[in-house]
Peer 1: 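Once you've had a glance at the structure underneath, I'll fire off some questions.
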Amino acid sequence: MHIKDMLTQMGFKVANTGGGCQGLELVLPNGLSILVTDGEAGISEDINANPTIVFENRETDTHVVVEGKVV
């Protein structure tokens with residue numbers, strides 16, 4: 001199963017992040033959100049090889065970026 005399919009099943013939605021970039025985002029009720037892209041700020045098939053995950057606190061406008069590589 002592709003990461004895109006798994007994230008969609010978990011409730012992630014397509015989010016436009018500006019400048020034509022997109023990601024899959026899950027907004028949590030406590031002001032936090034999780035955004036996953038393909039490493040190039042998109043949701044192409046490369047999301048399965050080089051996912052980038054952003055954890056954001058919308059209340060404090062702080063975030064943590066995790067860049068991964070599927071091995």
Side-chain angles (χ1 to χ4, degrees):
M1 179 179 285
H2 291 285
I3 290 175
K4 289 190 301 187
D5 298 329
M6 289 189 299
L7 293 173
T8 301
Q9 288 180 6
M10 293 187 319
F12 281 73
K13 307 282 186 210
V14 174
N16 294 311
T17 59
C21 299
Q22 290 185 320
L24 292 167
E25 182 178 43
L26 180 64
V27 178
L28 303 171
N30 59 359
L32 301 177
S33 66
I34 303 167
L35 177 74
V36 181
T37 70
D38 64 6
E40 297 292 328
I43 51 175
S44 70
E45 291 301 320
D46 288 338
I47 199 169
N48 293 304
N50 299 305
T52 298
I53 304 167
V54 180
F55 299 94
E56 181 180 23
N57 183 330
R58 292 172 176 237
E59 293 176 0
T60 62
D61 197 31
T62 57
H63 61 276
V64 174
V65 178
V66 179
E67 294 184 28
K69 183 172 182 106
V70 176
V71 293

Peer 1: For residues 63-71, please give each side-chain donor-acceptor pair under 3.5 Å, one per line with the distance, not counting sequence neighbours.
Peer 2:
none

Peer 1: Kindly list each side-chain donor-acceptor pair under 3.5 angstrom involving residues 13-32, sequence neighbours excluded, with atom names and distances?
Peer 2:
unit_1 : atom_1 : unit_2 : atom_2 : d
Asn16  : OD1    : Gln22  : NE2    : 3.0
Thr17  : OG1    : Cys21  : O      : 3.3
Glu25  : OE1    : Arg58  : NH2    : 3.4
Glu25  : OE2    : Arg58  : NH2    : 2.5
Asn30  : OD1    : Leu32  : N      : 3.3

Peer 1: If I take atom NE2 from residue His2 and atom CD1 from residue Ile47, how far apart are they, to the nearest 0.5 angstrom?
Peer 2: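 Nearest 0.5 Å value for the NE2-CD1 distance: 11.5 Å.
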Peer 1: Please round to the nearest 0.5 Å and tell me the distance separating atom CD1 of Ile43 and atom OG1 of Thr37.
Peer 2: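 Rounded to the nearest 0.5 Å, the CD1-OG1 separation comes to 10.0 Å.
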Peer 1: Distance check, rounded to the nearest 0.5 Å: Phe12 atom CZ versus Met6 atom CE?
Peer 2: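 Answer rounded to 0.5 Å: 10.5 Å.
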Peer 1: Taking all heavy atoms of Asn48 and all of Ile3, pick out the closest pair and write down the distance.
Peer 2: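 Taking every non-hydrogen atom into account, OD1-N, 2.6 Å.
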Peer 1: According to the salt bridge (Lys or Arg N to Asp or Glu O under 4.0 Å) rule, which pairs have a member within residues 26-39, sequence neighbours left out?
Peer 2: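 Of all non-adjacent pairs touching residues 26-39, none passes salt bridge (Lys or Arg N to Asp or Glu O under 4.0 Å).
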